[in-house]
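Atom set for the values below is all heavy atoms of this structure, side chains included, hydrogens, waters and symmetry mates excluded. Sequence positions, counted from 1, serve as the residue numbers for this chain.
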Amino acid sequence: MLKTSYVCENCGNVTAKWYGKCPSCGAWNTLAEQEVAPEPAPSPKARRAPARNNTQTVEQSKALRIDEITFQNDIRFLTGLGEFDRVLGGGLVEGSVVLISGEPGIGKSTLLLQICQFVGQKARLLYVTGEESISQIKLRANRVGVDTQNLLVLSETSVNKIIPEINTVQPDVVIIDSIQTMYDENYPSSPGTITQVKQATMQLIAKAKEDKVSILIVGHVNKDGAIAGPKVLEHMVDAVLYFEGDKQHAYRIIRAVKNRYGSTNEIGMFEMSDDGLTEIEKPSERILQQRPKDVPGNCAAAVMEGSRPMITEIQALSSNTTFPSPRRMSSGFDYNRLSLLLAVLEKRIGLRFSSQDVYLNIAGGLRIDEPACDAAAAMALLSSYKEIPVPEDLIVMGEVGLAGECRSVSVMDQRLSNAARLGFKRAAIPYHNAERLKNAYGMEIIRLRSIFDLLRLLNAPKKEE
Ligand SMILES: Nc1ncnc2c1ncn2[C@@H]1O[C@H](COP(=O)(O)OP(=O)(O)OP(=O)(O)O)[C@@H](O)[C@H]1O
Ligand SMILES: [Mg+2]
């Protein structure tokens, strides 16, 4: 007989009763009902065997010395989309299981169908759809230009039928769209429940490791933006990628939050159009093309997205508030960091941000989480407050400390060379970085000791061209 228990979607803790708050991790409304099959009863033979002698019947495991272990380099399939390959750590690894999640309609199915054309030149693919009919897939394939004979499409939701089909077709790559529609016939709960998502994934992972098939799994996100289903799902797979972007805008960004075969710092940028996703190989150029001229509140910043230096634009807007407590909004920039910068500007320079609503935005839908952009954000805030535009040829870098000091940032050379390539003539960088700088890449270097230097730079009379 099946028993019911409750699993926390956040931490995986199992309880016999339902609670509003998980007793283990303290999260609210995360307990979901699951049905548990009883443990199979031990065979009569196992029951008769005395417990102490058990160790003699089990084959003993043997640990190996590290230099005795042999390995083969991973075989990787290139997907034909360089941006996607980079996020995967240099292509899709044979036998790996990758979870790709994102908001509804962001383009998960499009991305995975699109890579089939290139991968299909060398490998056999099986696209399993549990959401759409095969004619819908065909329609999309026509739209994005996929017509390889190596792609097989299966409309099925039972893993018990998908696994035998994998055995028959013998694909190199399997796409499961999506895991929330899959179910295991041995469990009575409906697709999408924790038990089903976990069981279906476990079976697919076992298949991937046994037959060395690469499996790409699409996962939906819940209303909070996390992958729907148990948190353990993310632990089970080899890589977890998030596909994100603003549906109103054409830009899409794919980032790895976990990758057993590569760095998690890399991002890939795409643009969505009628004929599918196109890679954006030079995102900085794209972002800078749309920079407004002579508008206060904009400042260019050099960020590192993984191993790639990128130039983006930080936009700030401050205006007199009509509310008792002023509004603070930040998009793409850490909210706490914004509060800290405002407090530093208010305390050290004496600007009255407490009577201002402040909005901060990072252009191009990027998310910045490195302190190296503090100085540029502070400059954008100062510029908006003072209504003085930041010179267009100036790029600002540096971390801002609580005393208002500008602290040094890492990989300055790469940031500077990228900025110089994109046409910036002047770089305001922390004093310590400037001291150790070997090459200015033809730019005028301005040394920053504190945020007062930013203010001075802003107030400096504009150079005549
Ligand atoms: N001509 C077109 N027809 C349909 N969709 C288009 C077209 N051109 C662009 N698109 C984009 O493709 C998106 C749908 O992509 P796709 O179905 O791959 O998303 P998804 O993430 O798989 O969605 P779901 O969560 O519903 O499975 C649409 O939101 C739209 O932005
Ligand atoms: Mg889809």
Side-chain angles (χ1 to χ4, degrees), residues 291-303 312-363 368-409 412 415 424 426-435 444-463:
R291 269 188 101 181
K293 282 193 168 66
D294 283 335
V295 178
N298 296 324
C299 183
V303 286
T312 186
E313 194 192 352
I314 302 187
Q315 306 179 322
L317 184 74
S318 72
S319 64
N320 284 336
T321 185
T322 48
F323 302 106
S325 57
R327 292 194 69 167
R328 306 275 180 254
M329 270 177 67
S330 85
S331 149
F333 193 85
D334 184 29
Y335 183 84
N336 293 328
R337 203 96 211 142
L338 169 64
S339 308
L340 186 147
L341 286 177
L342 290 173
V344 172
L345 290 173
E346 178 138 9
K347 189 89 181 167
R348 306 285 167 216
I349 303 188
L351 305 181
R352 288 192 40 82
F353 276 112
S354 50
S355 61
Q356 304 265 309
D357 287 335
V358 176
Y359 306 90
L360 199 77
N361 177 45
I362 309 298
I368 295 182
D369 41 22
E370 57 167 1
C373 294
D374 285 355
M379 189 67 157
L381 290 165
L382 278 173
S383 158
S384 177
Y385 187 95
K386 296 270 178 194
E387 301 255 348
I388 308 172
V390 178
E392 220 180 288
D393 62 350
L394 176 73
I395 186 144
V396 180
M397 291 169 238
E399 178 184 343
V400 174
L402 289 184
E405 80 279 17
C406 285
R407 296 171 161 267
S408 57
V409 301
M412 179 53 79
R415 295 179 206 257
F424 287 90
R426 297 189 292 159
I429 64 172
Y431 192 84
H432 287 283
N433 280 116
E435 291 278 273
E444 181 193 336
I445 300 291
I446 299 158
R447 296 168 182 228
L448 299 177
R449 276 190 194 275
S450 73
I451 47 173
F452 284 102
D453 293 329
L454 291 177
L455 193 62
R456 229 168 276 138
L457 202 55
L458 200 62
N459 285 327
K462 230 179 158 183
K463 275 187 189 169

Please step through side chain to side chain contact (heavy atoms under 4.5 Å, CB included) for the pair E370 and V409, ending with a clear verdict. CA-CA 9 Å; E370 57 167 1; V409 301; over 6 Å; no
With a 4.5 Å cut-off on side-chain heavy atoms, are [Y] and [X] touching?
X: P430; Y: M412; answer: yes
X: I362; Y: I314; answer: yes
X: P389; Y: V295; answer: no
X: I446; Y: L394; answer: yes
X: Q356; Y: N320; answer: yes

Could you grab the distance from atom [atom1] of [X] to atom [atom2] of [Y], nearest 0.5 Å is fine?
X: C406; Y: E399; atom1: SG; atom2: CD; value: 9.5 Å
X: L458; Y: I388; atom1: CG; atom2: CD1; value: 4.5 Å
X: R415; Y: N433; atom1: CZ; atom2: CG; value: 9.0 Å
X: F424; Y: I395; atom1: CZ; atom2: CD1; value: 4.5 Å
X: N361; Y: F333; atom1: CG; atom2: CZ; value: 11.5 Å
X: L360; Y: L381; atom1: CG; atom2: CG; value: 5.5 Å

TODO: Decide side chain to side chain contact (heavy atoms under 4.5 Å, CB included) for L338 and Y359; before the verdict, give the C-alpha distance in whole Å, the side-chain angles of both, and the deciding distance to 0.1 Å.
DONE: CA-CA 9 Å; L338 169 64; Y359 306 90; over 6 Å; no
Decide whether S319 and D357 meet the rule of one side-chain donor and one side-chain acceptor closer than 3.5 Å.
->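 No, no side-chain donor-acceptor contact under 3.5 Å.
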Note: P292 and E313 closest approach over all heavy atoms is CD-OE2, 3.5 Å
Whether the side chain of T312 engages the backbone of A363 through a donor-acceptor N/O pair (distance < 3.5 Å, no angle test) should be reported.
yes
Salt bridge (charged side-chain N to carboxylate O under 4.0 Å, His left out) pairs touching residues 314-331, sequence neighbours excluded, are none
The side-chain hydrogen bond (donor to acceptor under 3.5 Å, both in side chains) partners of E435 (sequence neighbours excluded) come to R447
By side-chain hydrogen bond (donor to acceptor under 3.5 Å, both in side chains), N336 pairs with (sequence neighbours left out) none
| Pair L455-K386, side chain to side chain contact (heavy atoms under 4.5 Å, CB included): steps then yes or no | CA-CA 9 Å; L455 193 62; K386 296 270 178 194; 3.8 Å; yes
- Message: Evaluate D369 against D334 for side chain to side chain contact (heavy atoms under 4.5 Å, CB included), listing each step before the verdict.
- Response: CA-CA 7 Å; D369 41 22; D334 184 29; over 6 Å; no
